[in-house]
Amino acid sequence: MCHVIVTCRSMLWTLLSIVVAFAELIAFMSADWLIGKAKTAGSAEPAEQGSPGPHHPTLGIYARCIRNPGVQHVPRETLCGPYAESFGEIASGFWQATAIFLATGIFILCTVALVSVFTMCVQSIMKKSIFNVCGLLQGIAGLFLILGLILYPAGWGCQKAISYCGHYASAYKPGDCSLGWAFYTAIGGTVLTFICAIFSAQAEIATSSDKVQEEIEEGKNLICLL
C-alpha cells in the first residue's frame, strides 16, 4: 500500500528541484547570454538595414535575437531563433562542448524533478533511498553544469561573437558585449542544484523519522508533518 508522506523539507526539496530544472532549461534555450553592442542603421551583420534607432542584438549558445529587417508578415520588432540549423553549425567548438555538458546536466535535473513528485508515495527502490539517489544525481548534474559554464566564455573569441561584441572580444573577454540574464540564471541554477543535492539528505531524514514510522504503523495512509 502507498503511504503518502508529506513533510515541509521534502516538499521544499521537490519544489526547488522542479524550479532548478526549469530555470536551467529556459536559460539554455534563451538567446540572452550575450548582449551585443548597439547597432544602428547601415551597420554590418548583425545590424538590420532600415533600423529606426540603436538596437542591442543578443546571442545565445545556438540562438540569437536581431531587429526585424522588415519582414511584412512578422509584426514583431525583434526576431529570435536559432542561428545554427545543426549541431555542427554552433559558432564555437567550446560552445558545442558547453551545449553537450549543459544538455546532459539539464536532462538529469529534469529526470530528478519528475521523480521527486513521486517521492511523496515512494521513498525507496531496491532498498535505496530515492532522496539519496536523487541528491547524488543532482550533484553530478551540477558538475556538468559547472563544466559547461567554464567552457562557455572560452568561445567568446569565435567569429560569431566578434561580430556581436567587436574585435576586442576574445576568450573570457566579452569585448563590447555585456552578459545577459540567461548566463546569470544558469549560474544561479547551478548553485541551487548543489543546494538541492545537500537538502535531499534533510528530506530523507524528515520522511524516515520515528514519528513517520509510528504513523505508518498506526495504519495512516496520508501523513503530513511540519
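When a residue number appears, it is its place in the shown sequence, counting from 1.
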Quiz item: Less than 4.5 Å apart, any side-chain heavy atom of Val20 and any of Cys196?
Solution: yes
Self-check item: Phe101/Ile106 under side-chain contact (heavy atoms from CB on, under 4.5 Å): CA gap, chis, key distance, verdict
Solution: CA-CA 9 Å; Phe101 284 125; Ile106 291 170; over 6 Å; no
Quiz prompt | Student check: side-chain heavy atoms of Leu102 and Phe144 closer than 4.5 Å | solution = no
Quiz prompt | Nearest-0.5 Å distance that lies between atom CG in Leu143 and atom OG1 in Thr190 | solution = 10.0 Å
Quiz item: Taking the side chain from His56 and the backbone from Gly36, do they hold a donor-acceptor pair closer than 3.5 Å?
Solution: yes
Quiz item: Can you tell me if OH on Tyr83 sees more than 12 non-hydrogen neighbours from other groups inside 6.0 Å?
Solution: yes
Quiz item: At what distance, to the nearest 0.5 angstrom, does CD1 of Ile187 lie from CG of Leu149?
Solution: 6.0 Å
Quiz item: Got a second to check how far Cys65's SG is from Asp32's CG, nearest 0.5 Å?
Solution: 6.0 Å
Exercise. Measure the CD1-CD distance between Ile90 and Gln96 for me, rounded to the nearest 0.5 Å.
Key: 5.5 Å
Quiz item: Looking only at atom types and distance, does a side-chain atom of Trp33 sit under 3.5 Å from a main-chain N or O of Ala27, one as donor and one as acceptor?
Solution: yes
Self-check item: Gln138 and Ser200 side chains, donor-acceptor separation under 3.5 Å
Solution: no
Practice problem: May I ask you to test the Phe194-Ile146 pair for a side-chain heavy-atom distance under 4.5 Å? | Solution: yes
Quiz item: Are Phe22 and Cys110 close enough that some pair of their side-chain heavy atoms sits under 4.5 Å apart?
Solution: no
Quiz item: Angle class for the Tyr152/Phe183 ring planes (parallel below 30°, perpendicular above 60°, tilted otherwise)?
Solution: tilted
Exercise. Might you confirm whether atom OH of Tyr172 has over 12 heavy atoms from other residues, nucleotides or ligands at distances under 6.0 Å?
Key: yes
Self-check item: Results of ring pair (Phe, Tyr, Trp, His ring centres under 6.0 Å) for Phe28 - residues two or more places apart only
Solution: Tyr62
Self-check item: Residue pair Trp156, Ser170: steps toward the side-chain contact (heavy atoms from CB on, under 4.5 Å) verdict
Solution: CA-CA 5 Å; Trp156 290 345; Ser170 60; over 6 Å; no
Quiz item: Does a side-chain heavy-atom distance below 4.5 Å link Leu114 with Ile18?
Solution: no
Practice problem: Evaluate side-chain contact (heavy atoms from CB on, under 4.5 Å) for Leu34 paired with Leu179, printing each intermediate quantity in order. | Solution: CA-CA 5 Å; Leu34 282 176; Leu179 298 177; 3.9 Å; yes
Quiz item: Taking C-beta and beyond as the side chain, do Val115 and Ile130 meet within less than 4.5 Å on heavy atoms?
Solution: yes
Quiz item: How far does CD1 of Ile162 sit from CG of Asp176, to the nearest 0.5 angstrom?
Solution: 11.5 Å
Quiz item: Does the side-chain contact (heavy atoms from CB on, under 4.5 Å) test come out yes or no for Tyr164 and Lys37, once each step is laid out?
Solution: CA-CA 7 Å; Tyr164 278 70; Lys37 62 181 182 179; over 6 Å; no
Quiz item: When rounded to the nearest 0.5 angstrom, what distance separates OG1 in Thr193 from CG in Leu16?
Solution: 10.0 Å
